[in-house]
Amino acid sequence: MAILSSRYSRNNAPHVKMNGLQAQMKRQIDRKVEKGDYRFEAVPCPVCQSTTFEPIAEQDRYGLHFPVVICSDCGLVQTNPRMTQASYDEFYNVEYRRLYEGTPKPTTNSFALQYERGKQLFHNVAHLFTSPPDDYFVLEVGCGSGGVIKYFQEQGCVVKGIDLGEEYLVHGRETYGLDLTPGTLADLTLDRAPDLIIYSHVMEHILDPGAELAQVHQHLAPNGLLSIEVPGVRFVQHAYNGDFLRMLQNAHTYHFTLQSLTNLLQAHGFRRLLGDEVVRAVFTPAGSGAQSETLVNEMDSISAFLHDVECEYMLLAGLSQMRAEAYPQAAMIFSQLTEIAPADTYAYGCFAQALRRMGRGDDAQRIEQMISQVYA
Ligand SMILES: [Zn+2]
């Protein structure tokens with residue numbers, strides 16, 4: 001097992017378009033990493049405590065230093081060694097929003113996106129409610145300006161949000177009148193236990209998910225719900241243009257599949273009620289005396305999956321550069337690479353399918369005509 005492909009070796013070059021502010025932030029982070037202002041630490045796997053990992057990437061989509069590995073004993077894809085808490089604290093205060101959003105200020109657009117996510121989340125989880133939404137107290141951790149809980153509030157829930165980014169909290173409080181306070185779950189004293197705690201695109205940023213989940217156990221109402229959304233590694237073909245490198249961003253310390261997220265939650269006393277590979281999942285405390293579920297090691301299947309995704313990405317990227325006149329030869333090479341007998345109609349058919357997947361239906365048709373002429 002090695003780095004997925006040469007695109008993942010460290011060459012410092014960004015893989016995505018960046019505006020001036022983003023490029024400036026990248027240079028600033030590169031300098032801090034080089035000078036040792038941003039420090040990295042190796043940690044055991046948070047699911048199975050293993051210290052045996054296989055490397056798959058050295059940099060993220062911005063070309064930042066970003067070692068990504070797979071745990072050999074459970075298959076969790078993670079950043080390791082990763083930045084220390086102190087380094088991440090500074091990164092979130094100084095560079096994070098500017099690097100990711102290319103703008104220093106919260107925008108109406110980011111609130112609208114959160115609100116849309118809140119609507120989907122509500123309809124994903126509300127059928128698990130055991131009483132009307134009016135009876136529900138919903139707490140969101142990492143709420144930004146509160147777009148997600150705004151939708152829950154409109155459905156009748158009592159809502160509260162916490163986050164570390166003061167700028168965004170002020171925006172949500174002043175513009176939408178939401179109850180948003182700075183801090184983490186560990187800092188929080190509540191006079192009512194939340195019936196639902198939401199982590200929407202937050203868990204992949206948390207350095208010590210075990211400690212965080214212990215806090216959830218302390219706060220959550222008995223039989224309460226825990227909703228977790230994270231970007232799903234197995235969903236990469238439907239997002240990020242099927243490009244896993246695009247999914248890698250230095251703020252993410254974990255890169256989950258539904259299975260690896262479930263492994264993590266089971267290891268910390270929760271059981272899954274529902275979930276998909278997007279990933280959108282809902283958990284509840286497993287309860288004392290519950291049978292502990294067996295951990296499923298995803299190492300082999302996730303490695304094979306990521307290598308397949310990379311092959312397909314490279315194939316499509318190569319094809320998109322190609323002139324139609326070169327297709328017959330490309331189809332020949334394709335058939336050899338895929339170990340389908342050269343000049344076999346099946347090989348050409350697969351090649352045509354690949355063209356169709358990248359939206360080149362006319363070219364696919366030309367290949368198919370070629371097949372029918374040659375093999376008439
Ligand atoms: Zn592990």
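Whatever order the structure lists them in is the order used to number ligands and atoms, beginning at 1. For the single chain, residues carry numbers from 1 onward in sequence order.
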- So, F111 versus Y176, ring centres under 6.0 angstrom or not?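 Under 6.0 Å, so yes.
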
- Query: Between H205 and A251, which heavy-atom pair has the shortest distance, and what is it?
  - Reply: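 Closest pair (atom of H205, atom of A251, distance): ND1-O, 3.4 Å.
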
- Message: Give me the atom names and distance for the closest heavy-atom approach of I3 to Y8.
- Response: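 Looks like CG2-CB, 3.4 Å.
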
- Message: Just to be careful: counting only protein atoms that are N, O or S, how many fall under 2.8 Å of the Zn ion (ligand 1)?
- Response: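 Protein N, O or S neighbours of the Zn ion (ligand 1) under 2.8 Å, waters not counted, come to 4.
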
- Would you call D30 and R10 a salt bridge, taking side-chain N to carboxylate O under 4.0 Å as the test?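 So D30 pairs with R10 through a salt bridge.
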
- Message: With a 4.0 Å cut-off on N to O distance, would you call E95 and K32 a salt bridge?
- Response: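 The answer is yes: the pair qualifies as a salt bridge.
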
- Y168 six-ring face occupied by R173 cation (under 6.0 Å, within 45°):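 Geometry flag: not set, cation outside 6.0 Å or 45°.
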
